[in-house]
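What follows is a single structure, and I will ask about it in a moment.
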Amino acid sequence: MYIYCEPEEKTLEVITVNLHTELIEKLYQCNLCHLCNEGNLGPTAFNGSMASPIAIVGEGPGETEDQFGVPLIGNSGKLLDKALWSVGITRDRVYTTNIIKCRPKGNRTPTVDEGSFCATRWLDNELAAVKPRIIIALGSVALKYLLNANARITKDRGKWFQTKYGIPAIATYHPAFLLRLTGKELVKAKWETFYDLQAAANRCTEIEPDYLLKSAAPLDLLALYSANKGKQRGISESNVRKENANGNELSHSL
Ligand code: URA
């Protein structure tokens, strides 16, 4: 069957996919910081659509994400899916990634320095390849990297700001934070999250009215990525030592 593609569109799409694929291959080789020694299975990459006008940026992988190699698919991810569904978005129609690619030991919160070390090497290049039209920052770590280190999620959520990429962003509460709240605090924070996500969906529709933000049904991301479960990704420390001992140079330059 012959499928007609606009030549320029096709070229752009191919360039984006190639750039991105190359980047993710390099990401899996990364051993540039101490996080690769914190007992995780290796870097987690991204999920969703590279053609999406929306990129969601979380903090860093938790235990489930480390097991499956995919961002935001554990309890926080499930709550995120519900919240997105309520404003007309499904996860397959957005691009989801994290500031930090490797799970810090014991799920500790990454420091601002760890965030910027990782994100300047990986997230910045990812977003340059994907070119989203808007960014949703989930929680304080993403907000601090994308706005500035003094930003506060309670004060700055729900307000549009310009990122260094020239892409507008809005921050909202991290779902893990919502999962820790109860009673009136939870109700209030859930509504605020709803309004923040709704603002993002509306702005996206204004910018790209033809882009479909919602598929017919929500995705079961755990089921989708079940084949990845428990698999070591990239180069573990022992592999690095072995390869170096064999005289092979490992390149991490982008
Ligand atoms: N929290 C995040 O911010 N990202 C994940 O991938 C998992 C939990």
Side-chain angles (χ1 to χ4, degrees), residues 8-9 11-24 26-27 44-60 71-72 80 83-84 87-101 110 112 115-153 155-175 192-193 195-214 254:
E8 300 93 314
E9 268 182 34
T11 311
L12 259 185
E13 196 182 302
V14 169
I15 290 171
T16 303
V17 170
N18 285 347
L19 267 179
H20 193 272
T21 308
E22 233 175 77
L23 188 71
I24 300 303
K26 284 183 177 158
L27 168 65
T44 52
F46 74 101
N47 66 37
S49 167
M50 274 188 279
S52 181
I54 299 184
I56 297 181
V57 180
E59 177 183 304
L72 284 150
L80 174 67
L84 290 172
V87 300
I89 300 177
T90 47
R91 283 286 292 284
D92 53 328
R93 305 298 300 159
V94 291
Y95 181 90
T96 308
T97 186
N98 278 320
I99 295 282
I100 289 269
K101 304 306 184 191
V112 169
S116 49
F117 186 89
C118 188
T120 48
R121 281 152 184 86
W122 303 110
L123 177 74
D124 288 2
N125 288 294
E126 250 180 295
L127 296 181
V130 172
K131 296 185 175 54
R133 307 293 299 278
I134 64 171
I135 297 172
I136 302 174
L138 294 181
S140 172
V141 171
L143 174 68
K144 282 178 190 288
Y145 181 70
L146 294 170
L147 180 53
N148 65 60
N150 297 321
R152 302 250 314 277
I153 193 71
K155 180 167 71 68
D156 297 313
R157 57 141 282 279
K159 299 174 192 164
W160 287 99
F161 59 93
Q162 199 64 18
T163 58
K164 64 175 174 179
Y165 318 114
I167 303 169
I170 190 167
T172 194
Y173 294 122
H174 194 288
E192 287 169 338
T193 305
Y195 291 126
D196 300 341
L197 295 177
Q198 194 175 50
N202 290 345
R203 184 146 181 180
C204 178
T205 306
E206 270 166 38
I207 300 173
E208 289 209 12
D210 296 334
Y211 187 80
L212 187 73
L213 277 173
K214 193 178 192 180
L254 290 177

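Since this is a predicted model, take the numbers as computed values, not measurements.
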Discussion item. Could you measure the distance from the NZ atom of Lys155 to the CG atom of Asn150? Nearest 0.5 Å is fine.
Written reply: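 One finds 8.5 Å between NZ of Lys155 and CG of Asn150.
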Item to complete: Measure the spacing between CG of Asn98 and CH2 of Trp122 and express it to the nearest 0.5 Å.
Response: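 Rounded to the nearest 0.5 Å, the CG-CH2 separation comes out at 15.0 Å.
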Worksheet item: Could you give the distance from CG (Leu123) to OG (Ser116), rounded to the nearest 0.5 Å?
Response: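 The OG atom of Ser116 is 11.5 Å from CG of Leu123, to the nearest 0.5 Å.
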Response to the item:
Note: Pro175 and Leu138 closest approach over all heavy atoms is CD-CD1, 4.1 Å
Practice prompt. Give a yes or no on whether the backbone of Phe117 and the side-chain of Thr120 come within a donor-acceptor separation of less than 3.5 Å.
Written response: yes
Worksheet item: Is Cys204 close to Pro53 at the side-chain level, that is, under 4.5 Å between some pair of heavy atoms?
Response: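 The answer is yes; the side chains approach within 4.5 Å.
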Practice prompt. Check whether any side-chain heavy atom of Thr172 lies under 4.5 Å from a side-chain heavy atom of Tyr195, and answer yes or no.
Written response: no
Discussion item. Check Lys144 with Glu59, please: is the shortest side-chain N to carboxylate O separation under 4.0 Å?
Written reply: no
Discussion item. Looking at every heavy atom in both Thr163 and Ile167, which two are closest together, and how far apart are they?
Written reply: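 Looking at all heavy atoms of both residues, the closest pair is OG1-O, 2.5 Å.
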Item to complete: Please report the shortest heavy-atom distance between Thr44 and Leu27, naming the atom on each side.
Response: O-CD2, 3.8 Å
Discussion item. Measuring from atom CD1 of Ile134 to atom CD of Glu208, what distance do you get when rounded to the nearest 0.5 angstrom?
Written reply: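 The distance works out to 10.0 Å.
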Worksheet item: Taking C-beta and beyond as the side chain, do Ile135 and Pro168 meet within less than 4.5 Å on heavy atoms?
Response: no
Worksheet item: What heavy-atom pair brings Leu213 and Ala201 nearest, and what distance separates the two atoms?
Response: CD1-O, 4.0 Å
Item to complete: Report yes or no: do Asp196 and Tyr173 form a side-chain donor-acceptor pair below 3.5 Å?
Response: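 Result is no, nothing qualifies.
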Fill in: Worked verdict on Glu126 versus Lys131 for salt bridge (charged side-chain N to carboxylate O under 4.0 Å, His left out)
CA-CA 8 Å; Glu126 250 180 295; Lys131 296 185 175 54; over 6 Å; no
Worksheet entry | Spatial distance of atom CD1 (Ile56) from atom CG (Leu197) [nearest 0.5 Å] | 7.5 Å
Worksheet item: Side-chain donor-acceptor pair under 3.5 Å between Tyr145 and Lys164, yes or no?
Response: yes
Item to complete: Report the distance from atom CD1 of Ile136 to atom CZ of Arg203, rounding to the nearest 0.5 Å.
Response: 12.0 Å
Worksheet item: Side chains of Arg91 and Thr96: donor-acceptor distance under 3.5 Å anywhere?
Response: yes
Discussion item. Side chains of Phe46 and His20, heavy atoms from C-beta outward: is any pair under 4.5 Å?
Written reply: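 Side-chain contact under 4.5 Å: yes.
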Practice prompt. Check whether any side-chain heavy atom of Tyr165 sits under 4.5 Å from a side-chain heavy atom of Asp124, and report yes or no.
Written response: yes
Worksheet entry | Where Lys214 and Arg93 come nearest, the two heavy atoms and their spacing | N-CG, 4.0 Å
Practice prompt. Compare every heavy atom of Ile170 with every heavy atom of Ala199, then report the nearest pair and how far apart it is.
Written response: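 Heavy atoms only, the tightest pair is CB-CD1, 4.0 Å.
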Practice prompt. For the pair Asn47 and Tyr95, evaluate side chain to side chain donor-acceptor pair (under 3.5 Å) and give the outcome as yes or no after the intermediate values.
Written response: CA-CA 6 Å; Asn47 66 37; Tyr95 181 90; over 6 Å; no
